[in-house]
Amino acid sequence: MGIQHHAKAPTSLFWPMATAFGALWGAVEITLGSFLHMLKIPFGGAILASLGAALLIAQRQVLPQRGLSMVTALIAALCKSLSPGGVILGPMIGITMEGLLVELALLVSSRFIGCAILAGMLAAMWTVFHKLLSSFVFYGMTLIELYVAVLQKAGQWLGHEGAGWWMALLFVGIISSIGAIGGIFGWRVGQDAARSLEIPP
């Protein structure tokens, strides 16, 4: 009887799950996001993105239905528009893109831990790519060239020409690790929830 009930669950629970998790993610973005931004916590954007990815990954362990992560992200973005600062286009685009990246990473399998780790890493890395893309759109190549010059200067200060690039790789490694941790956390929480609800694998 329980298996028959769960067989119907994907259709009946899609919108309630999307709405509940989207509202939760939006609330996290409004509250914790503002707190991290105000205190200027290092890697705050990556931490926030990995938490969002963890929510989506946990959700897909319970309801492994394609399209759910994307719809949830759109709802979270709409909730973000209700923040005290009003409609903030940048964060709303960021949330939507993170949802899309998680959706793409989980296309092969919602419940494979490797896909969950990839999803977390992509969501966290978007925070870096988004800043570079924004800089390119608004300031052109000049700012990108400035970033390169800063890396080269850092290498000179450290006494090694390529040291600046190693620092950049270290930075990317830290961001990726934060995302991977979020992916694993979301996968484990979701798997535990699926088992407690007796949802078949």
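Count residues from 1 along the sequence. Just so it is clear, the structure is predicted and the values come from calculations on it, not from any experiment.
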For Ala49, all residues meeting side-chain contact (heavy atoms from CB on, under 4.5 Å), sequence neighbours excluded: Glu98, Thr127
Atom of Gly120, atom of Ala53 and distance for their closest heavy-atom approach: CA-CB, 4.0 Å
Distance-only donor-acceptor check, side chains Ser69 and Gln59, under 3.5 Å: no
Shortest non-hydrogen separation from Ala76 to Trp25 and the atoms involved: CB-CE3, 3.6 Å
Single-linkage hydrophobic cluster, 4.5 Å side-chain cutoff, Trp187 and Ile181 together: no
Heavy-atom check, side chain of Leu56 versus side chain of Phe21, under 4.5 Å: no
Under 4.5 Å side-chain linkage, directly or through intermediates, the cluster mates of Val189: Phe185
With sequence neighbours excluded, residues passing side-chain hydrogen bond (donor to acceptor under 3.5 Å, both in side chains) with Arg195: Asp192
Candidate pair Val102 and Leu122, rule side-chain contact (heavy atoms from CB on, under 4.5 Å), full reasoning: CA-CA 7 Å; Val102 170; Leu122 289 175; over 6 Å; no
Pair Gln191-Arg111, side-chain contact (heavy atoms from CB on, under 4.5 Å): steps then yes or no: CA-CA 8 Å; Gln191 286 283 313; Arg111 291 176 170 172; 4.0 Å; yes
Chi angles and distances behind the side-chain contact (heavy atoms from CB on, under 4.5 Å) call for Leu197, Val62: CA-CA 8 Å; Leu197 293 171; Val62 177; 4.1 Å; yes
Closest non-hydrogen atom pair, Gly186 against Gln61: O-CG, 4.4 Å
Spacing of CG belonging to Leu24 relative to OG1 belonging to Thr72, to within rounding of 0.5 Å: 10.5 Å
Beyond-backbone contact of Cys79 with Glu29, side-chain heavy atoms, under 4.5 angstrom: no
Heavy-atom pair of closest approach, residues Val71 and Ala18: CG1-CB, 3.9 Å
Atom pair CD1 (Ile95) and CH2 (Trp126), whose distance is rounded to the nearest 0.5 Å: 12.5 Å
Path from Leu170 to Val172 over hydrophobic side-chain contacts below 4.5 Å: yes
Minimal non-hydrogen separation, Gly99 against Ala73, with atom names: CA-CB, 3.5 Å
Side chain to side chain, Ile75 and Thr19, heavy atoms closer than 4.5 Å: yes
Pairwise distance CG(Leu118) to CG(Leu104) - rounded to 0.5 angstrom: 9.5 Å
Single-linkage hydrophobic cluster Leu68~Val108, side-chain heavy atoms < 4.5 angstrom: no
Leu106/Arg66 under side-chain contact (heavy atoms from CB on, under 4.5 Å): CA gap, chis, key distance, verdict: CA-CA 8 Å; Leu106 298 182; Arg66 290 179 178 178; over 6 Å; no
Side-chain touch Glu103/Arg60, heavy atoms, less than 4.5 angstrom: yes
Rounded distance (nearest 0.5 Å) linking atom CG of Leu63 with atom CE of Met17: 5.0 Å
Residues in side-chain contact (heavy atoms from CB on, under 4.5 Å) contact with Leu32, at least two apart in sequence or another chain: Val28, Phe35, Leu36, Leu48, Leu51
Those residues that, when tested against Ile117, pass side-chain contact (heavy atoms from CB on, under 4.5 Å) (two or more places apart): Ile113, Met121, Ala180, Ile184
Cluster check Leu78, Trp15: I/L/V/M/F/W/Y, side chain < 4.5 angstrom: no
Which atom of Ile57 lies closest to which atom of Ala119, heavy atoms considered: CD1-CB, 4.0 Å
Those residues that, when tested against Ile178, pass side-chain contact (heavy atoms from CB on, under 4.5 Å) (two or more places apart): Phe43, Ala46, Ile47, Ser50, Ile174
